[in-house]
Amino acid sequence: SPALLLAAAGLVLLPSCATTLPYAYAGTGLSLYDSATGNSPKFRGGTDEQSSAHSLGLGAELNENLAVEVGFVNLGSHSWNGRWNGARNTGHVNTDGFAWSVLGKYPLSEQFSVFGRAGVFFWDAEYYENAAGGRIYGENHSNSALLGLGVQAAVAAPVSLRLEWTRLDDIWDDPIDLVQLQAIYAF
């Protein structure tokens with residue numbers, strides 16, 4: 001897709017900036033799914049709206065206030081089990097994809113900073129559903145806006161930790177909140 005090519009080109013060109021500081025990050029946490037299924041009056045049953053989530057990516061700090069990142073995010077599996085319009089209905093959705101974002105950072109001290117994130121999440125979702133008509137499989141590929149806030153702490157050079165909340169908007173018409181603890185290694 002053109003957006004992925006643009007993201008790749010950005011990561012290739014960024015190291016040519018004299019002040020660019022590259023880094024890698026890995027994170028783990030929870031994805032919290034606000035399911036339309038669970039909120040529908042047509043559905044009676046339960047939904048599992050929480051799953052483990054993981055991320056892995058690369059970034060470049062352009063200066064103390066601006067960074068760019070691209071990374072893979074696995075949002076885990078969200079499931080449901082109940083009745084839709086009286087008929088038995090169970091299933092689950094697995095979602096993952098690539099996030100391309102810009103971070104605006106504000107240092108509070110030499111060790112702590114707060115940041116905001118804005119970008120795009122290019123996602124793939126597969127769903128498996130057991131309904132009255134049989135087993136259904138499907139997939140969807142799209143992109144959604146992402147916005148986030150967090151705090152970062154320098155632990156010991158070159159390692160930092162950050163705690164972050166990110167809202168991924170409009171995944172299967174529903175938002176997903178991602179809460180993660182991430183480790184960062186600066187090169």
Side-chain angles (χ1 to χ4, degrees), residues 1-8 10-11 24-59 68-103 117-150 161-184:
S1 95
L4 288 177
L5 289 174
L6 179 62
L11 284 179
Y25 66 89
T28 189
L30 292 174
S31 62
L32 307 167
Y33 187 61
D34 187 14
S35 169
T37 299
N39 297 327
S40 173
K42 297 178 182 180
F43 180 76
R44 299 281 186 252
T47 58
D48 178 12
E49 298 185 347
Q50 176 176 304
S51 184
S52 60
H54 310 285
S55 63
L56 186 63
L58 296 172
V68 293
E69 291 184 354
V70 63
F72 176 77
V73 181
N74 183 329
L75 296 173
S77 181
H78 297 90
S79 61
W80 63 94
N81 184 357
R83 298 194 169 275
W84 187 266
N85 283 334
R88 184 89 178 124
N89 187 285
T90 63
H92 66 273
V93 125
N94 301 320
T95 308
D96 59 32
F98 287 90
W100 169 254
S101 56
V102 174
L103 281 73
R117 173 188 302 276
V120 179
F121 183 53
F122 302 93
W123 55 271
D124 295 313
E126 297 178 338
Y127 68 89
Y128 304 89
E129 185 173 3
N130 291 309
R135 187 166 174 87
I136 302 167
Y137 166 81
E139 56 185 72
N140 194 3
H141 315 281
S142 191
N143 58 69
S144 300
L146 69 86
L147 295 171
L149 296 171
L161 292 176
R162 67 181 172 200
L163 181 62
E164 178 176 0
W165 162 82
T166 304
R167 166 63 60 106
L168 305 166
D169 198 31
D170 195 25
I171 309 282
W172 285 101
D173 299 324
D174 299 315
I176 294 180
D177 290 315
L178 179 61
V179 179
Q180 285 195 80
L181 179 62
Q182 297 176 333
I184 301 164

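When reading the values below, keep in mind they use all heavy atoms of this one structure, side chains included, and skip hydrogens, waters and symmetry mates.
- Across all non-hydrogen atoms, the minimal contact from Y127 to V93 is CB-CG2, 3.3 Å.
- Using modelled atom types, one finds no donor on one side chain facing an acceptor on the other under 3.5 Å when comparing T90 with N81.
- Residues passing the side chain to side chain donor-acceptor pair (under 3.5 Å) test with D48: none are found, sequence neighbours excluded.
- In this structure a side-chain-to-backbone donor-acceptor pair under 3.5 Å is missing from T28 to H54.
- Separation of atoms CG (L32) and CG (L75) is listed at 10.5 Å; rounding is to 0.5 Å.
- Side-chain contact between D96 and N94: absent, with no pair of heavy atoms (C-beta onward) separated by less than 4.5 Å.
- Once rounded to the nearest 0.5 Å, the distance linking OG of S77 with CD of Q50 reads 13.0 Å.
- For the residue pair L30 and A53, the shortest heavy atom distance occurs at C-CB, 4.1 Å.
- Here the shortest heavy-atom pairing between D177 and W165 reads OD1-NE1, 3.2 Å.
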Under the side-chain contact (heavy atoms from CB on, under 4.5 Å) criterion, do R162 and L103 qualify, and how do the steps go?
CA-CA 13 Å; R162 67 181 172 200; L103 281 73; 3.6 Å; yes

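- For the atom pair CG of L163 and CG of L149, the computed distance is 11.0 Å after rounding to the nearest 0.5 Å.
- By the 4.5 Å heavy-atom criterion applied to side chains, W123 and S144 are counted as neighbours.
- Contact record, A99 with L146: CB-CD2, 3.8 Å, taken as the closest heavy-atom pair.
- The aromatic rings of F98 and F72 stand perpendicular to each other, their planes meeting at an angle above 60°, with 30° marking the opposite boundary.
- In this structure, G27 and Q182 approach most closely via the heavy-atom pair CA-CG, 3.7 Å.
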Would you list the atom pairs, donor with acceptor, under 3.5 Å between side chains in residues 134-141 and any protein atom, with sequence neighbours excluded?
| from | atom 1 | to | atom 2 | distance (Å) |
| --- | --- | --- | --- | --- |
| R135 | NH1 | N130 | OD1 | 3.3 |
| Y137 | OH | E126 | OE2 | 3.4 |
| Y137 | OH | E139 | OE1 | 2.7 |
| E139 | OE2 | H141 | NE2 | 2.9 |
| H141 | ND1 | D124 | OD1 | 2.3 |

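- One distance of note links CG of L161 with CD1 of I184; it measures 7.5 Å at 0.5 Å rounding.
- Using modelled atom types and a 3.5 Å distance limit, the side chains of H78 and S31 yield a donor-acceptor pair.
- Across every non-hydrogen atom of G82 and R88, the tightest pair is O-NH1, 3.4 Å.
- Here the CG-CZ distance, from N143 to F122, works out to 5.5 Å after rounding to the nearest 0.5 Å.
- With sequence neighbours left out, the salt bridge (charged side-chain N to carboxylate O under 4.0 Å, His left out) criterion links R117 to E69, E164.
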Evaluate Y33 against S51 for side-chain contact (heavy atoms from CB on, under 4.5 Å), listing each step before the verdict.
CA-CA 8 Å; Y33 187 61; S51 184; over 6 Å; no

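- Atom CD1 of I176 and atom CZ of F121 lie 7.5 Å apart (nearest 0.5 Å).
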